[in-house]
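Here the structure comes first, spelled out in structure tokens, and everything after it is commentary.
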There are 2 protein chains.
Amino acid sequence: MTTVRGARERARIEITAAIKDEARRQLAEDGAAKLSLRAVARELGMVSSALYRYFPSRDDLLTALIIDAYDSVGAAAETAHADARVLGAPPRDRWLAVCIAVRAWALAHPHEYALIYGSPVPGYTAPEDTVVPASRVGNTLVAVVREAHAARRLVLPPLPAVLRREADRMTGEFAAGLPPEVTATLVACWAQLVGLISFEVFGQFNRVVEAREEFFVHSAAQLAHQVGIIAV
Amino acid sequence: MTTVRGARERARIEITAAIKDEARRQLAEDGAAKLSLRAVARELGMVSSALYRYFPSRDDLLTALIIDAYDSVGAAAETAHADARVLGAPPRDRWLAVCIAVRAWALAHPHEYALIYGSPVPGYTAPEDTVVPASRVGNTLVAVVREAHAARRLVLPPLPAVLRREADRMTGEFAAGLPPEVTATLVACWAQLVGLISFEVFGQFNRVVEAREEFFVHSAAQLAHQVGIIAV
DNA sequence: GCCAAAGCAAGAGCAGTGCTCTCGTTTTAG
DNA sequence: CTAAAACGAGAGCACTGCTCTTGCTTTGGC
């Protein structure tokens with residue numbers, strides 16, 4: 001927490017939060033495309049130009065929402081992992097718990113999910129501020145696999161020679177403590193997990209998959225197996 | 001081909017195509033969010049209201065582009081499959097060929113890819129006209145697996161009891177001739193494949209995966225294995 | 001406590017958007 | 001040949017993101 005120096009700074013914090021809240025409300029209702037700065041300002045009883053004191057542009061507001069969304073889904077994954085750990089769940093169940101938590105968050109916040117894992121809306125390059133929150137879910141999966149390795153519940157999948165250097169680099173950069181053999185596989189599984197969730201959230205499973213929950217749990221279990229986490 | 005009854009109908013066909021071409025150009029340049037009906041009309045030397053004779057709304061134009069994009073990537077997948085088949089490639093290589101073709105198409109047309117596999121832009125419900133083109137890639141994967149089964153190059157993965165009915169239904173609906181044991185797995189692999197491609201196209205692999213090509217081919221091969229296609 | 005400086009809300013205004021409606025003109029079909 | 005349908009052009013509405021100017025309020029250094 002930063003110290004609040006005066007009434008003005010306190011007001012700024014509150015108004016910034018109010019803007020984001022209202023924007024999130026409109027986002028959840030109509031989607032990112034229809035999010036309007038003027039509508040947000042109108043709903044908050046202020047004039048649109050005043051809003052630019054807090055967010056220099058519409059894209060900056062969206063970026064703030066993106067960061068919050070990353071933090072929100074990241075927190076969901078982390079608490080699911082922590083809960084599974086205090087229950088003494090085996091690695092496979094911890095993996096499943098995280099996957100299920102991410103899916104549940106996505107289904108509960110489809111538009112925020114679309115904001116972070118759908119097509120990038122503002123431009124093409126993600127602002128620097130997003131990379132740390134963006135990696136929270138990934139880091140949680142790394143933690144699960146790391147614990148599985150420590151508990152000797154991990155078999156190392158074979159890794160082709162061409163990916164050996166890549167796996168070493170990845171491991172050093174964001175998966176320290178993980179056997180390099182699994183790092184590349186884990187990244188792939190993470191992308192595949194998001195693919196599964198995206199298909200469900202974005203309606204690609206309409207008329208295709210009906211038993212969504214069972215289908216997802218089974219697929220997530222397959223991913224656990226693929227990354228080397230042994231059953232039970 | 002429908003018969004062209006007169007000059008007016010011929011003109012309508014040409015103008016409709018010109019509108020879509022120009023719209024696709026602007027889409028490839030600036031993305032779906034910045035696609036403007038007025039800009040398209042301006043570039044074509046017509047007034048914006050005239051464009052509404054051809055597409056009743058911006059969303060309808062986008063829907064037309066979505067259908068074309070589905071057809072485009074579907075055709076890419078089908079030709080890749082056909083080429084691999086005439087070369088006598090084994091099932092695993094046919095699977096890889098289709099995956100690689102879809103990825104190549106996505107990297108070449110990122111905004112069109114975002115249109116179909118990113119967040120749904122217009123509303124939430126996909127128009128009925130999109131479901132047939134949308135299934136072309138999936139059908140190609142079904143065909144690959146079906147051929148693998150016919151060539152006895154397919155091992156049936158175990159399927160949990162909860163998904164048995166679901167797998168039977170899926171098979172009857174869009175995967176006739178496929179052993180029900182693989183249908184559900186195939187659908188999951190299809191979603192996971194799109195997850196891999198989306199992460200790359202949407203920049204989620206920035207600072208994470210560097211050897212993209214090798215990483216993708218290895219992951220796609222893993223998916224082939226997962227769906228039951230045996231190596232070589 | 002005073003006062004310049006900075007932060008702030010409000011309003012007007014600009015360029016752009018999707019979309020509608022009207023009005024002549026042209027092409028089609030009976 | 002004529003009524004009907006399709007068409008292009010233009011004006012106009014309501015909305016958007018964003019900028020600039022104008023006063024007012026809070027802040028921080030003296």
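In this text the structure is predicted, and so the values were computed from the model without any measurement. Each chain gets a letter, A, B and so on, in the order its sequence line appears, and its residues count up from 1.
Taking atom CD on A:E9 and atom C1' on C:dA6, their separation rounds to 14 Å, with Å as the unit. Rounded to a whole Å, the CD1 atom of A:I19 is 13 Å from the P atom of D:dG17. Atom OH of A:Y54 and atom P of D:dC18 are 17 Å apart (whole Å). Distance CE (A:M46) to P (D:dC18): 16 Å, rounded to an integer number of Å. When rounded to the nearest whole Å, the span between NZ of B:K34 and C1' of C:dG18 equals 18 Å. Nucleotide D:dA5 holds its C1' atom 10 Å from the CZ atom of B:R53, rounded to whole Å. As rounded to whole Å, 17 Å separates atom C1' of D:dG8 from atom CZ of B:R42. Residue B:L44 contributes atom CG, which lies 14 Å from atom C1' of D:dG8 at whole-angstrom precision.
To the nearest 0.5 angstrom, A:R58 atom CZ is 8.0 Å from A:S36 atom OG.
With salt bridges taken as basic N to acidic carboxylate O contacts below 4.0 Å, one links A:R24 and A:D21. Salt bridge B:R169/B:E166: present, at least one basic N to carboxylate O contact under 4.0 Å. Note on B:E213 versus B:R103: salt bridge recorded, some NZ/NE/NH1/NH2 to OD/OE distance being below 4.0 Å. Salt bridge status for A:R25 with A:E22: present, with a side-chain N to carboxylate O gap under 4.0 Å.
Here B:L51 lies out of heavy-atom contact (under 4.0 Å) with every strand. B:I15 comes within 4.0 angstrom of sugar-phosphate atoms only, judged by non-hydrogen atoms across all strands, and of no base. Residue contacts for B:S57: at a heavy-atom cut-off of 4.0 Å it reaches the sugar-phosphate backbone alone, with no base atom in range. As judged by a 4.0 angstrom heavy-atom cut-off over every strand, B:F55 is placed among residues making no nucleic acid contact. Residue contacts for A:L35: at a heavy-atom cut-off of 4.0 Å it reaches the sugar-phosphate backbone alone, with no base atom in range.
Closest to the B:R8 side chain, of the nucleotides C:dG7, C:dT22, C:dT26, is C:dT26. Of the candidate nucleotides C:dT17, C:dA9, D:dC18, D:dC18 has the atom nearest to the side chain of A:L37. Distances from the side chain of B:S49 to the nucleotides C:dT22, C:dC21, D:dT25 place C:dC21 closest.
Below the 3.5 angstrom threshold, one finds no donor paired with an acceptor across the side chain of A:R12 and the base of C:dG7. Residue side chain B:R38 reaches the base of C:dG18 through a donor-acceptor N/O pair under 3.5 Å, judged by distance alone.
The phosphate of C:dC19 has neither OP1 nor OP2 within less than 4.0 Å of any side-chain N or O from B:S48.
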